[in-house]
Protein chains: 2
Amino acid sequence: MAGKPLRIATFNVNSVRARLPIVTAWMREHRPDVLCLQETKVVDEQFPREPFEELGYHLAVHGQKAYNGVAIASVEKPREVTRGLPGSIAGEARFMTARIRSVTIVNTYVPQGQDVDSKKYAYKLDWLERLHAWFEEAIRPRLRICWCGDINIVPTEIDIHDPKRNEGHVCFNPEVRGAFGRILDTGLVDVFRKHHPEPGHYTYFDYRVRAATSRGIGWRVDHLCATKALAARSADAWIDLAPRNAERPSDHTPLVVDFEL
Amino acid sequence: MAGKPLRIATFNVNSVRARLPIVTAWMREHRPDVLCLQETKVVDEQFPREPFEELGYHLAVHGQKAYNGVAIASVEKPREVTRGLPGSIAGEARFMTARIRSVTIVNTYVPQGQDVDSKKYAYKLDWLERLHAWFEEAIRPRLRICWCGDINIVPTEIDIHDPKRNEGHVCFNPEVRGAFGRILDTGLVDVFRKHHPEPGHYTYFDYRVRAATSRGIGWRVDHLCATKALAARSADAWIDLAPRNAERPSDHTPLVVDFEL
DNA sequence: GGCCACAACG
DNA sequence: CGTTGTGGCC
């Protein structure tokens, strides 16, 4: 390889304001070229821009009050920023894209779905279908597209601590796993899985489970997927569990991929 | 004098749970024999007893959910603890008494009153009248009674930064000042005033006034009054403004009296 | 279990 | 401004 390095990270922060010290400390230590945030939970006017800018980052934000919210921090200025997945509920901030260097970043916070027989779950499936359509439209063989974020889908049985018990869950059932697979089939590779075929790597730990990290009771629902052309250039992928030892951690933890472009 | 020292303090903590580090640090530093707390805002089962007990204190608590709540921490075990002022709203935790050494401690959180033409203000006057009746009944010439707490009354014009502007306030009008005077007339002395005739000593600073402490924009509404026999033995009285420099201070600050019994 | 909003209280 | 509920969300 030995191309120019590009580090892309994704982190569901569960409130960027509440998590500010954790996020900035993490950026200072790992200096991602691109950091995709989800669940920022803040309207754009109140996004804490200064701490990011002081670290030398540009910011593209897409937020709403109390819920959801995505943002992209990047060393290089993002170009062609778009906000909102067509067909979604008005004002709902779960999807944004930006072009950074040669890569199109697609930052998503996929609806969780609450319960399989809720309207929210139906909306999740609908949302995934529209996302699928978006990729069908967007992907060209040699394009560099990076889809990352909190996808709220556990791809396979090795991505959850207890697949038996959670069979049928809104994040782990044939329907959503199928939807995930169909999106990958448009031409994407699960880059973390490419580097780590072994089971037991998780990015999410339920707050309600005591000592979930040390007991390994987690879920892999945050992902970074890349078009084949781009994925071919990934040098490494890792989940950083260190922020889970901080004072008031998020229930998610950062996922990082290092590319050599 | 040179009798046995007895330090009694009173502190409206505005949530004993939120203020725990401030309260315990203060106790560690000043080692009161008796500490009366108000606005503990916690039911008895959830009172954080351990931190007090680790410091060598007994606890008598009288709390309720979300509002009010009083407690007495003391080095010597309190005897004859009573809870509730007769005639008050059921479950309302604003009054408790305890015998510690030779002194009967009366710890009160007098209703604030909200607005002069509210039912709450009528209730405040009624409450003060019942408190007056309680003292009429309780006080005997040579008895050692110590009434302290958040009294929510500014006794005189020198006890508030702007008496003009606050004339008529529920904590500073002829009616409540009269009620306070009548209670003192049952045989009590305002011990802080005994030691400090000069104006400008305050125990309460409105959260909504920026930098109220340094600008001296306060109210003296927390008091320690003692029967004449006991007041004769007070050696010093002081308001400790130091806790106001802590991380998340209460809007009140401790008042301390040192007796020599 | 922890985030956010909101309302009540002072 | 800063407590404490409550309820929605995950």
Side-chain angles (χ1 to χ4, degrees), chain A residues 12-20 22 38-43 46 63-69 92-94 109-115 118-121 123-124 150-153 166 169-172 203-213 217 219 221-222 244 246-252, chain B residues 12-20 22 38-43 46 63-69 92-94 109-115 118-121 123-124 150 152 166 169-171 204-213 217 219 221-222 244 246-252:
Chain A
N12 177 326
V13 288
N14 187 15
S15 170
V16 70
R17 286 177 293 182
R19 225 61 65 204
L20 201 49
I22 292 178
Q38 301 88 36
E39 286 207 83
T40 52
K41 293 188 175 181
V42 66
V43 293
Q46 296 181 171
Q64 69 179 83
K65 188 157 126 182
Y67 301 114
N68 311 318
E92 197 195 48
R94 294 181 174 274
Y109 173 47
V110 175
Q112 194 259 1
Q114 190 148 294
D115 198 286
S118 67
K119 297 184 65 176
K120 298 197 177 182
Y121 179 66
Y123 183 69
K124 178 179 191 171
D150 178 354
I151 314 295
N152 267 319
I153 299 173
N166 288 294
H169 189 278
V170 289
C171 296
F172 183 62
T203 63
Y204 164 77
F205 301 87
D206 193 324
Y207 276 130
R208 289 160 289 194
V209 177
R210 308 176 321 281
T213 319
I217 302 179
W219 311 47
V221 293
D222 300 270
R244 302 204 47 74
E247 193 85 351
R248 298 187 311 163
S250 171
D251 45 356
H252 293 252
Chain B
N12 177 325
V13 288
N14 186 17
S15 169
V16 70
R17 285 176 293 181
R19 225 61 65 204
L20 202 49
I22 292 178
Q38 301 86 38
E39 286 207 83
T40 52
K41 294 188 174 180
V42 66
V43 293
Q46 296 182 172
Q64 70 180 82
K65 186 157 125 181
Y67 301 114
N68 312 317
E92 197 195 48
R94 295 180 173 276
Y109 173 47
V110 175
Q112 194 259 5
Q114 191 149 293
D115 198 285
S118 68
K119 296 185 67 175
K120 299 197 176 181
Y121 180 66
Y123 182 70
K124 176 179 192 171
D150 178 353
N152 268 319
N166 290 292
H169 189 277
V170 289
C171 295
Y204 164 77
F205 301 87
D206 193 324
Y207 277 130
R208 289 160 291 191
V209 176
R210 309 177 322 281
T213 319
I217 303 180
W219 310 48
V221 293
D222 299 270
R244 301 203 49 73
E247 194 85 353
R248 297 187 311 164
S250 171
D251 46 356
H252 294 251

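Proteins get letters first, then strands, A, B, ... in listed order; numbering begins at 1 in each.
- Nearest heavy-atom pair across Asp150(B) and Asn12(B) is OD2-ND2, 2.9 Å.
- In this structure, Cys171(B) and Lys124(B) have side chains that are in contact, with non-hydrogen atoms separated by less than 4.5 Å.
- Within 4.0 Å (heavy atoms only), Phe205(B) reaches no atom of the nucleic acid at all.
- The interatomic distance linking Asn68(A) (CG) with dC4(C) (C1') rounds to 12 Å, in whole Å.
- Between His252(B) and Tyr204(B), the angle of the ring planes lies from 30° to 60°, which puts this pair in the tilted group.
- Asn12(A) places its CG atom 13 Å from the P atom of dC4(C), with the value rounded to the nearest Å.
- Summarising the geometry, the separation between CZ on Arg94(B) and P on dC9(C) is reported as 11 Å, rounded to the nearest angstrom.
- The nucleotide whose nearest atom lies closest to any side-chain atom of Arg17(A) is, among dA5(C), dG10(C), dG2(C), dA5(C).
- Following rounding to the nearest Å, Tyr204(A) (OH) and dG2(C) (C1') show an atom-to-atom distance of 11 Å.
- For the pair Ser15(A) and Tyr109(B), nearest-nucleotide mapping onto DNA chain C gives the more 5' position to Ser15(A).
- Looking at Tyr207(B) and Asn14(B), their side chains do bring a donor and an acceptor atom within 3.5 Å of each other.
- No side-chain donor-acceptor contact under 3.5 Å links Thr40(A) to the backbone of Val13(A).
- For the salt bridge (Lys or Arg N to Asp or Glu O under 4.0 Å) test, no residue two or more places apart in sequence or in another chain qualifies with Arg210(A).
- The nucleotide range of DNA chain D contacted by chain A, defined by atoms under 4.0 angstrom from heavy atoms of the protein and reported 5' to 3', is dC9(D) to dC10(D).
- Judged purely by distance below 3.5 Å, without hydrogens or angles, the side chains of Arg244(B) and Thr213(B) pair a donor atom with an acceptor atom.
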Filtered N/O pairs between nucleotides 6-8 of chain C and protein, under 3.5 Å:
residue, atom, partner, partner atom, Å
dC6(C), OP1, Lys65(A), NZ, 3.2

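- Taking atom CD of residue Gln64(A) and atom P of nucleotide dC3(C), one finds them 18 Å apart after rounding to whole Å.
- The residue Glu39(A) sits apart from the nucleic acid: no heavy atom pair falls under 4.0 Å.
- Annotation: side chain of Arg248(A) is in contact with side chain of Arg19(A) (closest heavy-atom distance under 4.5 Å).
- Between the side chains of Asn152(B) and Gln112(B), no donor-acceptor pair of N or O atoms lies under 3.5 Å.
- As rounded to whole Å, 13 Å separates atom P of dG10(C) from atom CH2 of Trp219(B).
- Counting any heavy atom pair closer than 4.0 Å across all strands shown, Arg210(B) reaches no nucleic acid atom.
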